[in-house]
Amino acid sequence: MRDDRHTDLLVLGSGASGMTAALTASVLGLDVMLVEKADVVGGTTARSAGSAWVPNSRHSPPGRDSPDNALRYLRAVLGNRLDETRVRAFLAAAPQMVAFLEDNTAVAFRDYAHHPDYWATAEGATLSGRVLEPVPFDASVLGKAFAKLRPPLPEFMLLGGMMVDRTDIGHLLNARRSFASLRHSLGLVARYGADRLRFARGARLVMGNALVGRLYYSLLQRRIPILLSTEAVSLTPSGARITGALLQSDGTCVAVRSRAGVILATGGLSRNVEMRRRLLPPGVSAYSPVAEGAQGEGIALGEQVGGELSASDGGNGFWSPVSLRRRRDGSMAVFPHLVLDRGKPGLIAVDPRGRRFVSEAIDYHRFAEAMLAALTSFPGKPCFLVCDDRFIGKYGLGMVRPGRISLRQAVADGYVTRADTLEALAQTIGISSQALLQTVARHNGFARTGVDEDFAKGSDAYQQNLGDPRNRPNPCIGAIDKPPFYALAIHPSDIGTSCGLRTNAFAQVLRADASPIAGLYACGNDMVSIMAGAYPGPGINIGPGMTFGFIAARHAAANLTKSSAL
């Protein structure tokens, strides 16, 4: 069976980048069709923290930053990998993207009061103003369509379906000591109970789920056609221009003719086994928290019509340490250790020799880079997070919540290893007892002085922000001395890929000779990242992804208007 359709712009992929492109084009007056291979919308964005790195937006404190200052920072971090043309295009358009969406759709952001850039001592770094988070969203307005929104990772929810952000976690931990926190916590639980009478999970969305929820709601409001469970088989060229695509859904072929072209936003290649083997470092775990649909189809479609796959520096990925745990349904839970445990006082990370290899409070990308280097001589082996009972009670550890919630089950199923002594812990996890004892003793000495003489943990504003400000003299360093002791295996994994189709400042896909393919755009992880394998701050996937989706849609709309006028 075959079905022919016509539209102004075809967008492939429903993460934040694709939905931003579709919304932008719609607001600009184009007929848009959005295609998603999965049976839900949201992509990896729905599983993420939802942060967007957008310097100099309307939410930034006035007078503290500038495009030139942000460029200086990126130049300091990226060095000779900086693509100044595309970076300048991003810095100019990103604030416009935020204002455009907030003025014309249900998308709403707010800034973090204090969130230092990851390279906090680099020239041009700031302490706040560049990181935006989505405002919590009440998804009950979606009604039955709520079921078509990809949920977050189960391990990021409480009570089987209640989302919480960092503010909520603070109130939950302080509920016994503060009436305001108790009231906030009781309100969360009451709201969640009411939601479960109508929905399969809580409808109060935060983080990445709030962002895609707001984008999805805006798409529905504008009545933009969304084709779920639909795969793009090939792009349709007409001469040197892309004029549509051939889609397939439930045995039906759909030939879509798109006057303004096609935007690729399918999420990159993180879940494509062959491309991972070919493009990512051999030490990267086979397991990734990225959405299952990120199979590299968008990149492959672009290559088929002459687009060039550009491999970035830095191993072609964005990295995070993860811990693994088999779920009851047999699937593998992949838990990224981003901000909640590594930087807190009273924990160290050790390699298979029992030695520290990095500051535990450094950003997750560089932490995992250090893991990859440390594990070069130990193929197939993990590193370990090591802490004591005081730490796990106060801060939790991975999927174990603060207050030791679910600790007994985590020990029983082998997710966490527990022992009464450090010697016994080392023997159980297969590392040198002597090395671990020496490592812990040296680190405990740093806890007394507040100075990490090996890796300078807690020495800059970003690392201090991950620590506990109540801990003195260093918010990131605490003694490990209260038994029992715990260890958790961690592995280097990707939270997205930095390689992708080569593009220009308008997000047009480029051929090997750098000429643009008319009518073909790429954004998000289908586009080679402007960050070139570095990780300057939180949201450097979502912020540029949404921005280049915005840029692509504007360029397509302008070209369509120009051709119509001729």
Side-chain angles (χ1 to χ4, degrees), residues 155 285 287 321-326 332-335 337 340-361 367-368 370-371 374-375 377-449 452-455 457 468 471 474 476-492:
E155 293 73 29
S285 172
Y287 295 102
V322 302
S323 53
L324 307 175
R325 189 179 190 183
R326 188 69 64 181
M332 183 64 76
V334 184
F335 186 91
H337 292 255
L340 295 179
D341 50 18
R342 290 181 299 104
K344 298 296 188 293
L347 174 146
I348 58 172
V350 298
D351 62 20
R353 301 173 303 157
R355 303 295 186 187
R356 291 178 69 218
F357 56 90
V358 71
S359 164
E360 294 81 1
F367 182 100
M371 285 183 72
L375 293 172
S377 301
F378 304 95
K381 289 192 175 183
C383 293
F384 296 91
L385 300 180
V386 176
C387 66
D388 64 8
D389 190 64
R390 176 174 49 236
F391 179 94
I392 209 165
K394 184 178 290 187
Y395 306 114
L397 183 64
M399 299 183 215
V400 176
R401 311 293 186 190
R404 304 179 186 84
I405 296 173
S406 74
L407 174 59
R408 181 178 300 178
Q409 181 59 42
V411 172
D413 65 25
Y415 175 66
V416 170
T417 300
R418 177 172 57 197
D420 291 332
T421 66
L422 286 169
E423 296 95 326
L425 186 71
Q427 292 170 5
T428 303
I429 62 177
I431 64 177
S432 165
S433 298
Q434 181 180 6
L436 183 60
L437 284 171
Q438 291 174 347
T439 299
V440 170
R442 181 168 176 80
H443 188 262
N444 286 352
F446 300 157
R448 290 189 292 272
T449 64
D452 177 0
E453 298 176 11
D454 295 333
F455 299 103
K457 179 163 64 173
D468 185 342
N471 189 76
N474 188 318
C476 301
I477 308 178
I480 303 172
D481 56 12
K482 182 176 176 55
F485 301 95
Y486 300 90
L488 174 63
I490 53 173
H491 310 262

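One is the number of the first residue; the rest follow in order along the sequence. These numbers were taken from a predicted model, which means no experiment stands behind them.
Scanning both residues, A349 and L385, for their nearest heavy atoms gives CB-CD2, 3.9 Å. Among all heavy-atom pairs drawn from S323 and A489, the shortest one is CB-O, 3.6 Å. Smallest separation of non-hydrogen atoms from D452 and F446: OD1-CE1, 3.3 Å. Nearest heavy atom pair, residue P345 against residue N471, reads CB-ND2, 3.5 Å. Considering all non-hydrogen atoms of both residues, A419 and L425 come closest at CB-N, 3.4 Å. For the pair A447 and A479, the tightest heavy-atom approach, listed with the atom from each and the gap, is CB-N, 3.5 Å.
In this structure, D454 does not pair ionically with R355, as no charged nitrogen and carboxylate oxygen lie closer than 4.0 Å.
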Hey, mind stepping through N444 and I480 against side-chain contact (heavy atoms from CB on, under 4.5 Å) and telling me if it holds?
CA-CA 6 Å; N444 286 352; I480 303 172; 4.0 Å; yes
How far apart are the C-alpha atoms of D388 and F485, what are their side-chain angles, what is the distance that settles it, and do they pass the side-chain contact (heavy atoms from CB on, under 4.5 Å) test?
CA-CA 4 Å; D388 64 8; F485 301 95; 3.8 Å; yes
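The backbone N or O of G354 lies less than 3.5 Å from no partner atom in the side chain of S432, so there is not a single donor-acceptor pair.
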Pair up each side-chain donor or acceptor in residues 402-410 with any protein partner under 3.5 Å, not counting sequence neighbours, and list the distances.
from : atom 1 : to   : atom 2 : distance (Å)
R404 : NE     : D389 : OD1    : 3.3
R404 : NH2    : D389 : O      : 3.3
R404 : NH2    : D389 : OD2    : 2.9

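Aromatic pair F367/F357: centroids less than 6.0 angstrom apart.
Rounding to the nearest 0.5 angstrom, the gap separating the CE atom in M399 from the CZ atom in R325 is 6.5 Å. Here the straight-line distance linking atom OH of Y486 with atom CG of L397 works out to 10.0 Å at 0.5 Å rounding. Separating the CG atom in L340 from the CZ atom in R401 is a distance of 9.0 Å, to the nearest 0.5 Å. Taking CZ of F378 as the reference point, atom CE of M371 lies at 12.5 Å (rounded to 0.5 Å). Here the NE2-CG distance, from H337 to L488, works out to 5.0 Å after rounding to the nearest 0.5 Å. Residue I490 holds its CD1 atom at 12.0 Å from OG of S285, rounded to the nearest 0.5 Å.
Taking a 6.0 Å sphere around OH of Y287, one finds it holds 12 or fewer heavy atoms contributed by other residues, nucleotides or ligands.
A ring-ring contact (aromatic ring centres under 6.0 Å, His included) check over residues 391-412, counting only residues at least two apart or in different chains, returns the pairs F391-Y395.
For the pair T421/P483, no side-chain contact is recorded, criterion being any heavy-atom separation below 4.5 Å from C-beta on.
Among residues two or more places apart in sequence or in another chain, the salt bridge (Lys or Arg N to Asp or Glu O under 4.0 Å) test is passed with R418 by none.
No option in E360, K457, K344 other than K457 meets the side-chain contact (heavy atoms from CB on, under 4.5 Å) test with I477.
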